[in-house]
There are 2 protein chains.
Amino acid sequence: MDKKEWSVFEARAKIIKALSHPARLFIVEELQNGELCVNELRDMIGFDMSTISKHLSILKNAGIVDDRKEGTTSFYYLRVPCILKFFGCIREVMESNARQSNEIMKSCNLKFK
Amino acid sequence: MDKKEWSVFEARAKIIKALSHPARLFIVEELQNGELCVNELRDMIGFDMSTISKHLSILKNAGIVDDRKEGTTSFYYLRVPCILKFFGCIREVMESNARQSNEIMKSCNLKFK
DNA sequence: TGCCTATTTGGTAAAATAGCCAAATATTAA
DNA sequence: TTAATATTTGGCTATTTTACCAAATAGGCA
C-alpha cells in the first residue's frame with residue numbers, strides 16, 4: 001500500500017483510538033447532555049483528576065471535544081455530535097455477539113440463567 | 001460509577017479498540033467488497049502474514065468479522081456491516097478538524113499551498 | 001507417507017498507554 | 001500579596017500493544 005494512502009488510515013485510526021477507552025466513551029456519552037468540567041467528570045468516573053484531564057486532552061487532540069475556559073474552570077463539550085451515531089453501531093455488534101453466544105449455548109443444550 | 005455500568009463501557013471500548021489500528025481499519029474497509037483471505041490482505045497491506053493473522057483475530061474476537069475455512073484457506077468477511085457507518089462520522093471529524101486548522105491558518109494570515 | 005501451501009501460535013523486544021503522585025500554572029478572593 | 005481552587009504537566013511504573021521470526025498446525029496432493 002502506498003504511504004499516502006496508509007497515512008489516511010492512520011489519521012482515521014487516531015480518531016477511533018481516542019474513543020477506545022471506557023472512561024473516554026463515558027465522557028463522550030455524558031457530554032451529549034451538555035458541557036461538563038473536569039471536576040464533575042472526576043466525581044462521576046472516580047479516577048484521579050489528572051487522569052481525567054489527560055483523557056480529555058486525548059479527546060480534544062482528536063478533535064472530538066473542545067473546551068471553553070471560565071475562570072479557572074475548563075468546560076468541555078462535544079465538538080462533533082455525529083460521534084453519537086457510533087454507539088448505535090457498537091450496540092448492534094454487541095447484540096450480534098450475544099445472539100451468537102446464545103446459539104452456541106443452545107447447540108450445547110445450555111441455557112442462560 | 002458502579003461496577004456493572006463500568007463494564008458496559010469496557011465492552012463497548014473493546015469493540016472500538018478493535019477498530020483503532022490502521023491495518024484493521026483497512027481490512028474492514030476492504031471486506032466491504034467481499035471476503036478475502038489472509039494471503040490477499042498480506043499482499044495489500046504488506047505486513048508479515050502472522051501480523052495480519054493476529055489483526056484478523058482481534059477483529060474476529062470483537063465480533064466484527066468472522067471466517068470461513070475452505071481447505072487450508074481462511075476467508076474472512078464482515079459480520080456487522082453497520083461498522084461502515086463509522087467511516088462517515090470519522091470523515092466528519094476529520095473535515096471538522098481541517099476546517100478548524102484552516103481557520104487558525106487564516107487568523108495568522110497564512111494559506112494552504 | 002511426505003511435501004507444499006495457508007494459517008496460526010509462541011516468543012521477544014520496542015513502543016505506546018494508563019494510572020497515580022507531586023509539582024507547576026492560572027484565576028479568583030481575601 | 002497570600003491563600004484557595006481548578007486544571008494541567010512531568011515523572012514514574014506497570015501493563016498492553018505491535019511487529020517480526022521461528023515453529024507448530026492442518027489440508028490437499030503426488
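This one's a predicted model, so the numbers in the text were calculated from it and none came from an experiment. Proteins come first, then strands; the chains are lettered A, B, ... in the order of their sequence lines, and each starts at number 1.
Spacing between atom CZ of A/F75 and atom C1' of D/dT7 amounts to 12 Å, rounded to whole angstrom units. Going from atom CG of B/L59 over to atom C1' of D/dT17 covers 14 Å, rounded to whole Å.
Each of C/dG19, D/dT8, C/dT8 was ranked by its minimum atom distance to the side chain of A/Y76; first place goes to D/dT8. Between D/dT8, C/dC20, D/dT7, one nucleotide has an atom nearer to the side chain of A/F47 than all others, and that is C/dC20.
Between A/P22 and B/W6 the shortest side-chain heavy-atom distance falls below 4.5 Å. A 4.5 Å side-chain heavy-atom check between A/R68 and A/Y76 finds every atom pair outside the cut-off.
When the nearest nucleotides of DNA chain C are assigned to B/V38 and A/K54 by heavy-atom distance, the more 5′-ward of the two goes with B/V38. Each of A/I52 and B/G46 has a nearest nucleotide on DNA chain D; the 5'-most of these lies closest to A/I52.
For the contact set between residues 13-31 of chain A and DNA chain C, defined by any heavy atom under 4.0 Å, the members are A/K17, A/H21, A/R24.
A sub-4.0 Å separation between OP1 or OP2 of D/dA19 and a side-chain N or O of B/H55 is present. One finds no side-chain N or O of A/N39 lying less than 4.0 angstrom from the OP1 or OP2 phosphate oxygen of D/dT5. Between A/S53 and the phosphate of D/dT8, there is a side-chain N or O to OP1/OP2 separation shorter than 4.0 Å.
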Once base and sugar-phosphate atoms are separated, protein heavy atoms under 4.0 Å mark nucleotides 22-30 of chain C, 5' to 3', with B, S and - as B----BS--

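Across all strands shown, A/T73 has heavy atoms under 4.0 Å from sugar-phosphate atoms exclusively, and none from any base. Residue B/S74 is classed as a sugar-phosphate contact, given heavy-atom separations below 4.0 Å to backbone atoms only.
The two residues A/S20 and A/R24 come nearest to each other via the heavy atoms OG-NH2, 4.3 Å.
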